Amino acid sequence: MNREDLANLIFPNITKTIEEYEEMYPKRNLGENAKVTRYAPSPTGFMHIGNFLAATIDYVIAKNSGGIFYLRNEDTDTSREVEGAVEYIRHILEYYDMKPDEYEYRDTNETKGEYAPYIQSERKEIYQTFIKHLVREGKAYPCFLTQEEMDAIREGQAKDKRRIGIYGRYAKYRDLPVEEAIERIKNGEAYTIRLKSSGDFNRKFKFNDLAFGEMELPENDLDIPIMKSKDGLPTYHFAHLVDDHLMHTTHVVRGQEWVSSIPIHYELFKTFGFQMPKYIHIPLILKKDGDSIRKISKRLDPEARMNYYEEKGYPALALIEAIMTIANSNYEAWREGHPDAHFTEFTFSPKKMSASGALFDLDKLDNISKNYISHLTKEEVYEGVLRWSQKYDTEFYNLLTKYKDYSMKIYNIEREQKKPRKDYTYYSEIKEKTWYMYDEYFLGSKVDFLEYDLEEVKKILNCYKDIYKEEDTQEQWFNKIKEMCEELGYATNVKAYKENPEPYKGSIVDVTNIIRIALTTLTTTPDLYSIMQILGSEKVLTRFDKIVAK
Ligand code: GLU
């Protein structure tokens, strides 16, 4: 009995060779500098902003170089899988218009790309082919340690302050004679397959991370599990090796929590003689909390989850802008020089990523978003708020649909000019800032004239009603207001009034304020003349009548 028998006993149905798979997944036919990146989420729940940062960097690197960005579903940990997680990831990539070039969606039965399957649980045979090869070569072995035994080892190691893991003398089954392994398997004993590490923890190797730079790390000497006993699926480490090799990933962008696994990946690639992809480990996302700075937390911070941004209605490109500014320190300067360029035209340089953590500031996002929305056309704002309300506010959605042109006129107030107004930070705020323009909301609302004398309010509104003409130009309109002020005893010159208020009831500001409140309930709004032009005389007069009648 030899290792060949052992390999065949464990994998009776695996008949292909590694070379056959390499032929099935040949080198990609791309330009010389084209980069291949992948977003490889585990479908374990909501999407974290850190994952989005990784995906955005992946996308930019691939698109900027004329390469490929693909989506791989890393679902080998079936116990942690959450229903709907993959669909949500797909939705996010589509929402932010970062569609992968290659993907596989089980729910709609769609696959695109020559390197399928892109769902790891469907690649079991491929992984097992590689594992079978290792078993045959004596570089991997079945391990019969039970959970209780492993717990005991771990406890002992923790107590003695030793490194945790299965290595050296803890790797009890590493040198088990093949005959015995075969017998145990035939007897139905449960086992995992472990790598038979050839590393030495006291030896160091050099590793160059494109973001973190050159590091010196100890070799791996852990006999890590590469195949789980439960379902025959590989562990993350092993799937990473096989998939990124066969799918010809050139750049792996992943969270810095994986840095500690580099020695394992280094050994795995070396064991097979495969070239490692380049790695860009991305820093943690940090946030300001009072005076201190801490890691953004899914428990404490709603903005850690991607649904936050969609619910608020940040335009997709505004969030991407904010993310790119934390991804690369020179992005903002580039943007200033290229105001109209698509973000994928930016050449990402991993070195310009902060290794100590990326500070993500919601105020900054708000500024970016406000500025972004202010530069959209009225049609684009309308499309944005319509799309948002369709999902989050049906009542408003119905109004927007009914009053399309009218709504666009509202968004057009002081837009499309050199310094456009910055009224809206996100789409969910638009209703809050424009509701009074719709009779459906306005007519039922309470109008409060604050400290103003109601008799005086009535007088002003009655007087104004008589002189108001919809067709007046802004200048005519303003002159009429001034005349009215003089007639009713209000100062037209605010400065003069402040210096000497005695002879007046108030100033022109009070008069326009009263008109503004009557029409909108508010004391601050965009340009009053524009508002009245959009409302039109019928609405304007009804609103005045409503007040006067009270
Ligand atoms: N499935 C891993 C994760 O979600 C992917 C890490 C990687 O990109 O390699 O963390």
Side-chain angles (χ1 to χ4, degrees), residues 35-62 67-82 84-90 92-93 98 100-104 115 117-124 127 207 209-212 220 224-226 228 231 233-269 274-285 295-296 298 304-306 327 348 350 353 358:
K35 298 178 174 117
V36 179
T37 60
R38 82 294 192 280
Y39 177 45
S42 304
T44 51
F46 74 93
M47 189 167 169
H48 189 275
I49 181 88
N51 299 136
F52 185 69
L53 172 65
T56 309
I57 294 173
D58 277 320
Y59 187 74
V60 170
I61 291 177
I68 294 286
F69 166 63
Y70 69 89
L71 176 67
R72 187 169 69 221
N73 178 352
E74 305 216 320
D75 65 343
T76 55
D77 194 350
T78 41
S79 61
R80 291 179 60 218
E81 192 158 342
V82 167
V86 181
E87 288 74 19
Y88 187 68
I89 288 158
R90 171 186 187 170
I92 286 289
L93 294 178
M98 301 199 297
D101 300 299
E102 299 170 7
Y103 51 81
E104 179 177 345
Y115 295 81
Y118 295 94
I119 299 177
Q120 286 187 331
S121 59
E122 293 174 13
R123 298 172 65 81
K124 192 153 135 177
Y127 305 123
F207 180 85
D209 180 87
L210 294 191
F212 286 73
N220 172 62
I224 54 140
I226 54 178
K228 295 175 283 174
D231 47 20
L233 280 169
T235 53
Y236 163 74
H237 306 300
F238 202 79
H240 158 47
L241 161 90
V242 173
D243 289 347
D244 286 316
H245 173 65
L246 290 180
M247 295 178 177
H248 302 277
T249 307
T250 64
H251 290 67
V252 168
V253 179
R254 62 183 183 189
Q256 73 170 29
E257 68 272 20
W258 293 110
V259 166
S260 57
S261 303
I262 292 170
I264 293 172
H265 302 157
Y266 182 81
E267 179 172 19
L268 285 173
F269 277 88
F274 297 157
Q275 196 192 345
M276 274 186 117
K278 295 195 163 65
Y279 290 81
I280 299 173
H281 286 96
I282 57 172
L284 292 172
I285 299 199
K295 190 179 144 190
I296 211 163
K298 58 181 174 184
R305 297 168 187 246
M306 283 309 289
F348 180 82
M353 199 160 57

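Remember, it's 1-based here, ligands and their atoms both numbered in the order they're listed. The shown structure was predicted, so the numbers you read here are calculated from the model rather than taken from an experiment.
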TODO: Taking atom NZ of Lys278 as the centre, report whether more than 12 heavy atoms of other residues, nucleotides or ligands fall under 6.0 Å from it.
DONE: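 No - once you tally the heavy atoms of other residues, nucleotides and ligands closer than 6.0 Å, there are 12 at most.
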Task: Contact check, side chains of His265 and Asn220, non-hydrogen atoms, under 4.5 Å - done: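 Counting from C-beta outward, His265 and Asn220 never come under 4.5 Å.
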Taking only heavy atoms of [X], which atoms of ligand 1 are found under 4.0 Å from at least one of them?
X      : result
Glu74  : 1 (N), 2 (C), 5 (C)
Ala40  : 1 (N), 2 (C), 3 (C), 4 (O), 5 (C)
Tyr236 : 2 (C), 5 (C), 6 (C), 7 (C), 9 (O)

- [ ] Answer yes or no for Arg305 and Phe46: cation-pi contact, defined as NZ/CZ to six-membered ring centre under 6.0 Å and angle to ring axis within 45°.
- [x]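 Geometry flag: set, cation within 6.0 Å and 45°.
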Open item on the list: Less than 4.0 Å is my threshold; does some heavy atom of Arg38 fall inside it relative to ligand 1?
Closed with: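 Arg38: in contact with ligand 1 (<4.0 Å).
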TODO: Spell out, as yes or no, whether a donor-acceptor pair under 3.5 Å connects the side chain of Thr250 to the backbone of Val36.
DONE: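 Judged by distance alone, yes, a pair lies under 3.5 Å.
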